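Written out below as structure tokens is the structure these notes cover.
The shown structure was predicted, so the numbers you read here are calculated from the model rather than taken from an experiment. When a residue number appears, it is its place in the shown sequence, counting from 1.
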Amino acid sequence: MSDEELFTRLLYYGTVQLNRSEDEVWLMPVGYLLDLWECHKQFLGLAKPKRMLTIDDVIPYGI
């Protein structure tokens, strides 16, 4: 995939799938855009999280 195709796809994902303006997509950090895209895929059921955590895994008992 060429760089031009990659940026076209990222622009499409950001504007159409994530409902952001084109300017907002171009100005956001690439890592943030990819994180949003991954969350969107998980929400739609197209991807599964790498690791499932519960609140007990994050906050230890007794705090």
**Request:** Measure the spacing between CG of L6 and CG of L11 and express it to the nearest 0.5 Å.
**Result:** 11.0 Å
Ignoring hydrogens and angles, write down the donor-acceptor pairs under 3.5 Å from the side chains of residues 22-46, residues two or more places apart or on other chains.
unit_1, atom_1, unit_2, atom_2, d
E22, OE2, W26, NE1, 3.4
E38, OE2, Q42, NE2, 3.3
H40, NE2, Q17, OE1, 3.4

**Asked** Is it true that Y61 and I59 fall in one hydrophobic cluster, defined by side-chain heavy atoms closer than 4.5 Å?
**Response** no
**Message:** A quick test of your reading: do over 12 heavy atoms of other residues, nucleotides or ligands sit less than 6.0 Å from CG of D57?
**Reply:** yes
